[in-house]
Protein chains: 2
Amino acid sequence: MVSEGERRQTTIYDVAAAAGVAPSTVSRAFSRPGRVRAETAERIRAVAAELGYRANPQARALTTTRTGMLALVLADVTNPVFAEVVRGAGRACERDGYTLLLAETEESAEKERAMVDRAQGSVDAIVLTSSRMSDAAIRQIAKVEPLVVLNREVPGVPSVLVDFEPAMRRITEHLAELGHRQITYVAGPEASWADGMRWRGLRLATEHLGIRLRRVGPVAPTVAGGQTAVVDWDDHRTSAVVAYNDMVAIGIVRRLTASGVRVPEDVSVVGFDNTPVGELVTPALTTVAAPLRALGETGASNAIALAAGARSRATDPIRLPTRLIVRESTGPARD
Amino acid sequence: MVSEGERRQTTIYDVAAAAGVAPSTVSRAFSRPGRVRAETAERIRAVAAELGYRANPQARALTTTRTGMLALVLADVTNPVFAEVVRGAGRACERDGYTLLLAETEESAEKERAMVDRAQGSVDAIVLTSSRMSDAAIRQIAKVEPLVVLNREVPGVPSVLVDFEPAMRRITEHLAELGHRQITYVAGPEASWADGMRWRGLRLATEHLGIRLRRVGPVAPTVAGGQTAVVDWDDHRTSAVVAYNDMVAIGIVRRLTASGVRVPEDVSVVGFDNTPVGELVTPALTTVAAPLRALGETGASNAIALAAGARSRATDPIRLPTRLIVRESTGPARD
DNA sequence: ACGGCGGCGGCAAGCGGTTGCCACTTGTTG
DNA sequence: CAACAAGTGGCAACCGCTTGCCGCCGCCGT
């Protein structure tokens with residue numbers, strides 16, 4: 001029964017008047033259960049429903065300083081890896097009655113700053129994914145606002161990250177079992193924390209197993225990037241290559257295949273991230289699955305907990321386990 | 001120079017005191033350029049900057065009833081199609097200084113309702129992508145809040161959509177040119193407005209060109225769905241099949257290939273959406289590219305315009321053009 | 001009978017901005 | 001020189017909700 005135009009939202013005052021109580025009582029009926037006699041509360045609820053009352057979030061936030069919103073900032077939703085993280089964060093938010101605010105930085109540190117800045121006042125907590133900002137900047141934000149970083153380690157700031165070391169070890173073992181004695185790592189963007197961790201993990205593992213490791217790159221984390229990685233392949237071939245991620249791996253495979261090198265007969269290629277494409281491509285990619293959804297989810301819910309007052313600051317990072325997925329792009333080394 | 005703990009945010013009152021003016025002047029210095037003498041404004045700005053003043057969005061919203069936020073609700077960010085839309089909407093928001101609020105419904109109409117409900121009070125406008133709600137429900141929301149729907153036509157509600165008809169015509173012509181005289185359409189989810197449009201467009205085009213059209217499905221809009229679509233292929237084979245989307249097309253190709261049917265030599269397959277995978281798969285998919293980014297962008301900016309007072313309600317839907325991308329999954333019909 | 005207490009509801013003061021209106025200065029005009 | 005308009009700044013009343021505090025009432029203990 002809405003009449004035309006500009007209808008003012010109904011407020012607690014309207015409800016109060018209609019129910020014959022004070023506004024404060026209406027407020028309490030909703031936000032302070034038990035503080036009001038059950039029957040009164042019931043009556044108020046009924047009247048409110050009848051009038052279509054809906055609390056004004058801004059007004060509430062003004063006094064409580066809590067908005068019930070969580071900001072997730074990341075580089076690119078279009079990247080399946082991040083999309084998965086968004087999904088996880090969304091779930092956590094829904095569970096806790098929070099609203100998700102999404103900020104895409106498109107890889108720019110300044111944009112990231114700007115978005116965080118903007119969000120700051122509007123949200124109860126912030127989750128930074130693969131941040132491009134400096135440790136100092138991040139720490140600065142963390143002291144003003146509940147903050148958790150994903151896939152990044154900033155001392156003193158809560159973080160949750162994919163546990164790369166065992167992942168790289170598993171890859172190395174897998175390759176070693178197949179008889180490979182040297183591996184090429186094709187690096188991703190230098191600014192990438194993940195790249196650093198993967199390289200490090202790989203170095204540790206190969207050292208331990210006595211495998212020779214070579215590094216090329218950095219290349220763009222894309223198919224095109226992967227293709228550029230193997231231009232001078234003949235001069236430095238190894239029987240196995242580990243790529244920064246699936247896209248790069250696919251690029252490598254294509255390039256190799258195009259120049260007559262067969263995968264996995266001639267060289268084995270392993271990706272990272274378990275992107276959906278990895279399964280669809282020929283040969284299907286051996287890769288490692290990271291719990292991206294869980295990353296987003298625990299990140300968000302920790303942030304929310306922080307906002308709710310959990311003062312568990314100086315904790316160690318939470319590390320999420322990975323899983324090696326062996327498909328067709330890896331095979332026995334041809335001696 | 002931040003001291004420990006619970007520091008209260010600095011407000012216009014603090015700035016006013018420090019600058020020796022009234023709070024209202026501070027307010028105007030920021031939100032009403034020209035209303036205050038230039039030098040005064042400058043001084044206020046300086047003081048504000050010094051004190052690290054940041055307007056409280058909630059307080060502002062309380063009086064202005066404008067939050068500067070836009071809600072984008074969609075089923076699944078994990079779907080590249082939607083991810084692209086998000087990206088577009090994000091761009092539009094950034095351009096206009098808006099903040100993006102993202103709601104994932106995971107295909108559930110109830111969740112969609114709930115999220116819209118929640119968002120309602122917090123945003124200036126809403127963009128619904130491939131909504132699962134009834135026309136009536138959507139219209140209801142539209143009369144309370146600026147709303148635009150994407151890929152959906154609801155009379156009286158502003159909408160922007162991919163122009164399917166020419167797209168399907170292009171597909172049909174392409175196939176006809178290759179000598180195909182019958183086409184199978186593998187349908188997507190029944191609830192999908194897009195599916196209806198694609199089928200309709202295909203019917204029109206095939207009729208016009210005198211091509212026989214058959215329909216199978218519906219199937220899930222996934223690779224698995226596509227695989228189930230061709231179980232009884234031998235009984236009803238056509239030389240060409242048009243799939244609901246790229247995923248389904250890939251499923252079809254795999255199934256066909258697995259049972260010894262070659263693509264495109266024996267049958268041509270065309271997808272829809274120009275998902276990134278389409279290019280990576282073998283054979284690379286012929287498909288149609290929809291301007292998804294633009295869809296999100298114009299949707300969002302129209303919604304923002306609406307919020308800003310544009311009363312261009314009863315307009316016709318905006319239709320965005322598509323582009324046929326011919327790759328390797330289509331070829332001459334073998335007579 | 002009286003003081004105390006717990007349960008319930010109302011009063012009113014904010015929260016941090018915005019804005020209509022008024023007042024004071026200057027500059028302009030007849 | 002008076003009247004007036006434009007340019008600036010301040011006052012104070014909100015916006016809608018929360019919350020500390022007070023008051024009223026009925027009940028209990030002694």
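Note on naming: letters A, B, ... go to the chains in the order of the sequence lines (proteins, then strands), and numbering restarts at 1 for each one.
- In the region residues 30-44 of chain B, proximity to DNA chain D at under 4.0 angstrom, judged on heavy atoms, holds for B/Arg35, B/Val36, B/Arg37, B/Thr40.
- Put simply, CZ on A/Arg66 is 19 Å from C1' on D/dG16, counting in whole angstrom units.
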Could you walk me through whether B/Leu62 and A/Asn56 pass side-chain contact (heavy atoms from CB on, under 4.5 Å), step by step? CA-CA 9 Å; B/Leu62 189 51; A/Asn56 176 324; 4.3 Å; yes
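- Between B/Thr63 and the phosphate of C/dG17, there is no side-chain N or O to OP1/OP2 separation shorter than 4.0 Å.
- Scanning atom types as modelled, one donor and one acceptor separated by under 3.5 angstrom connect the side chain of B/Ser24 and the base of D/dC11.
- You won't find any donor-acceptor pair under 3.5 Å spanning the side chain of A/Tyr13 and the base of D/dG16, going by distance alone.
- Atom CD of B/Glu106 has more than 12 neighbouring heavy atoms from other residues, nucleotides or ligands inside a 6.0 Å radius.
- With salt bridges taken as basic N to acidic carboxylate O contacts below 4.0 Å, none links B/Arg132 and B/Glu110.
- Side-chain atoms of B/Glu112 and B/Ser131 form a donor-acceptor pair, as typed in the model, at a separation below 3.5 Å.
- Among the heavy atoms of the strands lying under 4.0 Å from B/Ser27 is at least one base atom, whether or not backbone atoms are also near.
- Contact annotation for B/Val26: no contact, since no heavy-atom pair falls under 4.0 Å across all strands.
- For A/Tyr13 and A/Tyr53, the ring centers are positioned 6.0 Å apart or more.
- Contact annotation: side chain of B/Arg28 to base of D/dG10, donor-acceptor pair present below 3.5 Å.
- Summarising the geometry, the separation between CG on B/Leu62 and C1' on D/dC14 is reported as 9 Å, rounded to the nearest angstrom.
- A salt bridge between B/Glu297 and B/Arg87 is absent, with no side-chain N of the basic residue lying under 4.0 Å from a carboxylate O of the acidic one.
- Atom CZ in A/Arg60 sits about 17 Å away from atom C1' in C/dG14, given to the nearest Å.
- Side-chain contact of B/Asn151 with B/Ser130: a donor-acceptor pair under 3.5 Å is absent, judged by distance alone.
- In this structure, A/Gln58 places its CD atom 15 Å from C1' of C/dT18, rounding to the nearest Å.
- Contact annotation for A/Ala55: backbone-only contact, meaning every heavy-atom pair under 4.0 Å involves sugar-phosphate atoms and none involves a base.
- Distance CG (A/Leu51) to P (D/dG16): 14 Å, rounded to an integer number of Å.
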